Structure formats: C-alpha cells, structure tokens
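Since the structure comes first, as structure tokens, the remarks are kept for the end.
Just so it is clear, the model here is predicted, and its values are computed rather than measured. What you see below is based on every heavy atom in this structure, not just the backbone, and it leaves out hydrogens, waters and symmetry mates.
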Amino acid sequence: MRILYTLLLLMGCAAAKAQKSSTISIETKHSCLLFTLAENHKLYQSYFGPKLSHENELVLLSNKKHDAFITGGMEDQFEPAIRLTHADGNPSLNLLVTDHRTEKKDDNVTLTTITLKDPQYPIQVEMKIESYQNEDLIKQWTEIKHNEKTPVILKNYASSLLHFDADQYWLTEYTGDWAKEVAQNETRLSPGIKIIDSKLGTRAHKYRSPFFFLSLNQPAKENSGEVIAGTLAWSGNYQFLFEMDEKNSLRTLSGINPYASEYKLKANELFVTPAFLYTYSTEGKGQASRNFHNWARNYGLMDGHLPRLTLLNNWEATGTNFNEETLVHLFDGAAKLGVDLFLLDDGWFGNTYHRDNDKAALGDWQEDQRKLPSGLGYLVKHAAEKGVKFGIWLEPEMVNPQSELYKKHPDWILKLPNRDENYQRNQLVLDLCNPKVQDFVYDLVNNMMTKDPGIAFIKWDCNRTMSNTWSSYLKQDQSDLYIDYTKNLYKIMQRIRLKYPHLPIMLCSGGGGRTDYGALAYFTEFWPSDNTDGLDRIYIQWGYSQFFPSMAIAAHVTSWSKTQSIKFRTDVAMMGKLGYDIKVNDMKPEELQFSHTAVSNYKNWSEVIWQGDQYRLISPYENNRAALLYASKTKDKALLFYYNLYPKSREIFNKVKLEGLDPNRSYQINEINLMPGVRSVIPENGQTFSGDYLMKIGLTMTNNKPLPMTSSLIELLAK
C-alpha cells in the first residue's frame, strides 16, 4: 500500500513539474514573495522584497534556496515549521510539492495554494497564501490532514516560515503588564534564537503583544527603511521565533505556541492554523502601519466601514454601588455630553450571591433585584427617553466560586482535580471545550438580546489568565486544551454574529489582554488598557496604532489623573474611538461646555479619524512631545493632534512638518477643542498655506515656554 501511495505521489510531482512553472510568485502592489520548485520536488523560498518591474527577471532570483517549510526529523536541523509523530511512532516528515494553484478571488485578492505530501505517509500539508494587492498585505496559514490509521501527534505547526538575508536585523517588540501595555522596545538580533510568546491561555497578550516589526540592515524609521510588520490572528498562546544562523540568514516562524499543546489529529480531520498577517515596506514603519489600517477596515475588523458609538460608562461614577434611580440620573450626563450610548459596567447581576464587589456572582447572569427590580428593559426604555442608547458589560467566560453556577456545575470549570484552586481576581475560567458551556455562553447573549432587543452595545470582558488548568471534559486529551479553547470561543462568536451581525461588541481583557485580528473578526473595537492617564495613554495608543486603525482603539476620558486638564485628556482620547468614564455632575460648567463641544467636534471629524490615513509625525519615545495627523483619502482635510509631554526648562521645539497633504492645494489652519473663552496661541491660526509649505516647513506649535501636559488640535481644510 505504501509503495502504491509513493508511486502515485511521484506521478503527481512529475505532473506538477511538467504543467507548472518552476517559480511561484505571490505579489502585492509593491512586494513580491517568490518560491522555487526544485527538480527534487522540494519547495524553496527564493525572494521576499520589493516587487520587480520585469517579471521575466524573477527567474534570476531562483538560485537562492531556503527550505520553505522546514520539517522535523529530517536533514534540516534548524527549527522546524512542522514536526509530528506518525501512527507508527516515526518522528520524521518529508514534504514534496504535488500541486499548486492560484485563484483570483476578485480584482484585489488572490489565493495561492501549495500542496505538499510525504512520499512515505498519507499526510498532506497545504500552504495557503492570500495576497491583498491594494493593501500590500499577505495573509498566510497552513492546513494539515492525514489518512493514517490512528491519530498523528502534531508537535509544531507554524502558520508561516519566512527567510531573510540582510547584514543586520532589528526587532521591535511590545511588552507590558496590566496598565503598562505595549511598551515599545527595539533590539538588534544576534546569532541564535529569539522568541516572543505567550503561555497564558486566556488574556494571552497581557505581557507580550502578538505583533512585531522586523527591520533589515538598519533600524527602520517612521518614513524610511526596509521593514516587515507582522501579527498573528489568534487570541490564545502564540509564538514568534527568530533564528539567525552562522551565515547571517534569518528564519522567522509564526504560529500557535506548541507549549503544552501536542495536538492529536484524527484521520481526515483538518487542522487549520491561524493566519499570520504581514506587510513589507521600503518606506518605514508608517507605511507598514497604513497598510494594516487599510486591510483591517476592508477585511480584518468587524464592520470596518460602519460608524462607531461614543459612550459614557458608569464605572468611575458608581463602581458596583448603584440602583435604577442612580443609573437613570446618569443618563442625563450622557445626554449633556452628547454621546450616543450609556454603558452599564460590572455589578448589575446576581441574586443568591450579589455582585457588590469582584468576589461573587460572576456566572449568575440575572438582574440583581435589589438594584434593578424593573430589569434591564426599564433602563433601555429610560435611556431612549433621554436620547441615548443602552449597553451592558458581560464577562461570559468566567465564574466566581461564590456563585450559583459554580455550585451547580463544578465540572464546567477549568481546574486541577487534586490541587487547590488558584484564583485571579477571585475567579476561575469556564471550560469552553465543553459544548454545554459553549451553549451557556451563547444563550447568555441570545436570551438577553431576545428579552431586551433594545440593548445596543456589549462590553465583553475577560479578566484572568489560565493557571492550574485542567478540563474534565477533555479527560486524557489535555494537550488539546489551549487550542480548542480559542477555537471554541470563535465558534461561539460565529453563532452570535450569525444572529446579531452588526451588534457593536467591545473586546476587553482586563485592559489589553486580547489584541488580535483573530478576535477582531467578531468585535468592533478593543479596550487597550485600564490605564487612562492621558500621558500614559499617548504611549499606549501610539503602540497599538502601529497595527490597528484608530476606530478599533477605544479611548475614554476619565479622572484617572487628577493633575491633567480635561482638555489634555480629551485631546488624547480623540486619537481613538472616543468615550467617557467620568462623573459628569462633578465637572465644572466650563469643563462640561468644552466636553459637549469636543464630542460635537469628534463627530464632525470621526470619518477622517476612523477612515483616513494616519501619519505619526513626532514620536513620544524620541521627544518630549508627540504629534500625529489623520488625512482624508481625498486629501481635502486633515486633523493634527499635538501634545507637549514633559518639556525641559528652556527646551526649544522646532516646527512640526506635516504629511499626507496635497502639495498643490492650499489649507486653512484652525485650532479647535479650545476651552471656553480661550484663544489660540498658534501663530499660524486662521492663515492659509500650501500643502507643500506645510510638509516642508511646518507649523509652529509651541512658544519658548511650553507647558507640560498641554495639547492642541488643528484642523486643515483645503480651499
């Protein structure tokens, strides 16, 4: 049987060789990824870089031969992209190309499928590479299946393997913790292995974010340098592995973290890895970011071209201490601000156990009759009477030991059977591997929306990582847990989206614990950090802007910092998707007047902020100030955000050179978001300049004594 299979495979290889060209080219508007099919039927990566003007010269690059998908147990001894153990215990894999095909899905998207098989075993690996022409972005994943008699044990299963040849490599990664998310760090890679990964299960991005920049030859700048930006569309454990060899070649592996996750793949079952998304730029990090923003709005983000809702959250005003009358009174604050929605946060549920703090009732999703005797429908109705929509906070994947759910269904909880329970925020994780738990989570949302269809927004939280983890449902197949959990979360979201396709849902995870395009296929935005200090948020939002469009980055005006003005905090929040979490009744009259005007300004400019091109002009990592600009696609208008951070005594700031304008058009300068009675001190305010002048000379944004934590918003309107 094996001899027959080998003969059929070699016949397929020969046919592929006879009918197909010797190279496979994946191209976008400005980049090219080239593979070579060798005579021995092996697949090699020959090139990844700028797109060539003459296709006939691609063949000249085919002499470089890097194994396109390194297999374990064979002669290549570098880190494998795929490693497994066959049913007979053999740990080797040899993949030969048997077919490749290209499908043009539309004028912009092309899918290339490369099929590889082992001549000795009935196993197939398909490399899927989807290219987005206009967005200059590539989406790559792997599909694995087999027809052996018993399960194959997958030990490594990368989504992609990319090779690079450069003099030097510089890696930008993003690390942090709660309230300290996405701190930007850049280091030069040296020979050996560098790994960025997570083993946290849920809230998997708490310490390290699942995205990076790789700069070739020298550190890339905002507008110059050769750089690859990459991220994994996966909400669970992930791994980026960078291996630099003795010849200065670099291999980059991206995919699910194989830690504690040897996957038992049954015969005829299809294992699909998450997509690795990446873009190549010769124009620095800024262009790479804009590529991601454009792709996200068109393909990666739920409802990427629909408006977002501004909102007022009650958390800072009440915590869990509220009742119906308190909340209805807060609706007035939302109306005074002019926001679209009031969001009721944690603390509204539980009867046997009451949610008066974070120690009880999580999992018991019924209205607390003490606080809300008339139910959520009462709040929905009264919010509508005040001219605002109503939203609700949920944490569907979690449970408190002090809850009815915990008492009724101990088998629904991820915990070791013979160890003490380990708590984070006084809670445990529900077992989404269990179909009954999946139904429970779906029914929570569906029943709530069926009962009160006026609910217009959900904040979906996830406040702890996995620890002391064991699934009673999986029994002896615990190594499948981390992968199955995330896949089942997506299955739940698919069911929700099938019935509620356009319901806005915020992705929250104790701050930025889930920030990936795997989840954002189902969520309209994410909460980047519980830290809403204006200064800290500049850095946090700056980091996330490298990979996500502003409409996906929720940013709220709060009272986290008592020393920063309402204007500074508001100007920072307007960089993203604006919201408020503040005691409106404690605001001074001039602060409330300013805030109402700011919300109006935001709504007037939201189309440009959400859909325009972003240009990061001055980095807070390199200066005591920061500036960025959003320009409309037609270049008829732009909005400049400028911040003084902590300028030194007598520090002199030069003019801010703008980007993204039409050099042949004239723009009128006008400062907005001024406090009542305050006049602009920008010397050029009210004047008109050419786009050429503004991009080459710039605007004077500070005087000789810039004050810390001050800001300006400048609108530029083409004449």
Side-chain angles (χ1 to χ4, degrees), residues 106 108-109 132 134-135 137 233 277 289-313 334 337-343 380 383-384 387-394 445-446 449 453-460 490 493-508 514-528 541 544-545 547-556 573-580 599-614 630-634 637 639:
D106 55 37
N108 188 51
V109 183
Y132 296 82
N134 294 329
E135 292 79 10
L137 187 137
L277 308 165
S289 295
R290 288 186 288 276
N291 292 346
F292 261 104
H293 298 168
N294 289 330
W295 177 86
R297 288 186 289 255
N298 293 333
Y299 301 99
L301 177 64
M302 171 60 64
D303 290 337
H305 288 282
L306 293 184
R308 298 308 195 243
L309 297 171
T310 55
L311 61 84
L312 172 66
N313 195 334
L337 288 171
V339 296
D340 304 308
L341 178 133
F342 178 87
L343 173 62
V380 172
V388 294
K389 301 177 186 293
F390 180 83
I392 194 75
W393 177 95
L394 299 173
V445 176
N446 186 47
M449 294 300 300
I455 292 175
F457 186 95
I458 291 175
K459 179 181 177 181
W460 184 298
Y490 294 162
M493 295 310 303
Q494 288 165 8
R495 292 174 66 188
I496 292 172
R497 282 307 179 194
L498 188 63
K499 191 165 185 180
Y500 307 100
H502 300 295
L503 174 68
I505 307 180
M506 176 195 289
L507 176 66
C508 183
R514 277 181 179 159
T515 51
D516 65 274
Y517 283 112
L520 286 174
Y522 311 105
F523 292 83
T524 49
E525 63 204 67
F526 68 89
W527 183 237
Q541 293 167 200
Y544 284 119
S545 78
F547 292 87
F548 302 99
S550 59
M551 67 187 308
I553 305 172
H556 292 180
M574 285 177 65
M575 289 167 57
K577 203 231 73 173
L578 178 65
Y580 288 80
V599 171
S600 178
N601 287 335
Y602 184 79
K603 291 183 176 181
N604 289 336
W605 279 95
S606 60
E607 182 70 15
V608 176
I609 296 171
W610 297 340
Q611 302 294 332
D613 291 326
Q614 183 197 72
Y630 296 100
S632 66
K633 295 292 186 182
T634 56
K637 61 181 68 173
L639 187 63

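Expressed to the nearest 0.5 Å, how far NZ of Lys577 lies from CD1 of Ile609 amounts to 12.5 Å. Here CG of Asn291 is found 8.5 Å from CD of Glu135. Values are rounded to the nearest 0.5 Å. Taking NE2 of His293 as the reference point, atom CD of Gln611 lies at 12.0 Å (rounded to 0.5 Å). Taken from OG1 in Thr524 to CG in Leu309, the straight-line distance is 8.0 Å, to the nearest 0.5 Å. The line from CG of Asn134 to CG of Asn108 is 4.0 Å long, rounded to the nearest 0.5 Å.
Panel note: side chain Arg308, backbone Ala552; no donor-acceptor pair is recorded below 3.5 Å. Counting only distance, with no hydrogens or angles, the side chain of Tyr500 and the backbone of Val445 share no donor-acceptor pair below 3.5 Å. Tyr544 contributes no side-chain N or O that, together with a main-chain N or O of Ile553, makes up a donor-acceptor pair within less than 3.5 Å. Judged purely by atom type and a 3.5 angstrom limit, Asp106 uses its side chain to pair as donor or acceptor with the backbone of Val109.
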Check step by step if side-chain contact (heavy atoms from CB on, under 4.5 Å) holds for Ile505 and Ile458. CA-CA 5 Å; Ile505 307 180; Ile458 291 175; 4.1 Å; yes
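Under the 6.0 Å cut-off for aromatic ring centres, Phe526 and Phe548 qualify, their centroids lying closer than that. Aromatic rings from Phe457 and Phe390 are positioned such that their centres are separated by 6.0 Å or more.
Taking all atoms of both residues into account, the shortest heavy-atom contact from Trp527 to Met506 is CB-SD, 3.9 Å. Nearest heavy atom pair, residue Pro549 against residue Leu301, reads CG-CD2, 4.2 Å. Here the closest non-hydrogen pair linking Ala296 and Tyr517 is CB-OH, 3.3 Å. What you find for Leu312 and Ala334 is that their closest heavy atoms are CD2-N, 3.5 Å. Contact record, Gln541 with Ala555: OE1-CB, 3.3 Å, taken as the closest heavy-atom pair.
For the pair Arg497 and Met302, the minimum side-chain heavy-atom distance is below 4.5 Å.
Judged purely by distance below 3.5 Å, without hydrogens or angles, the side chains of Tyr132 and Asn294 never pair a donor atom with an acceptor atom. Side chains of Asn298 and His305: a donor on one and an acceptor on the other come within 3.5 Å.
We find that Asp340 and Lys603 are joined by a salt bridge, their nearest charged nitrogen and carboxylate oxygen being less than 4.0 Å apart.
Residues satisfying the salt bridge (charged side-chain N to carboxylate O under 4.0 Å, His left out) criterion with Lys499, sequence neighbours excluded, are absent altogether.
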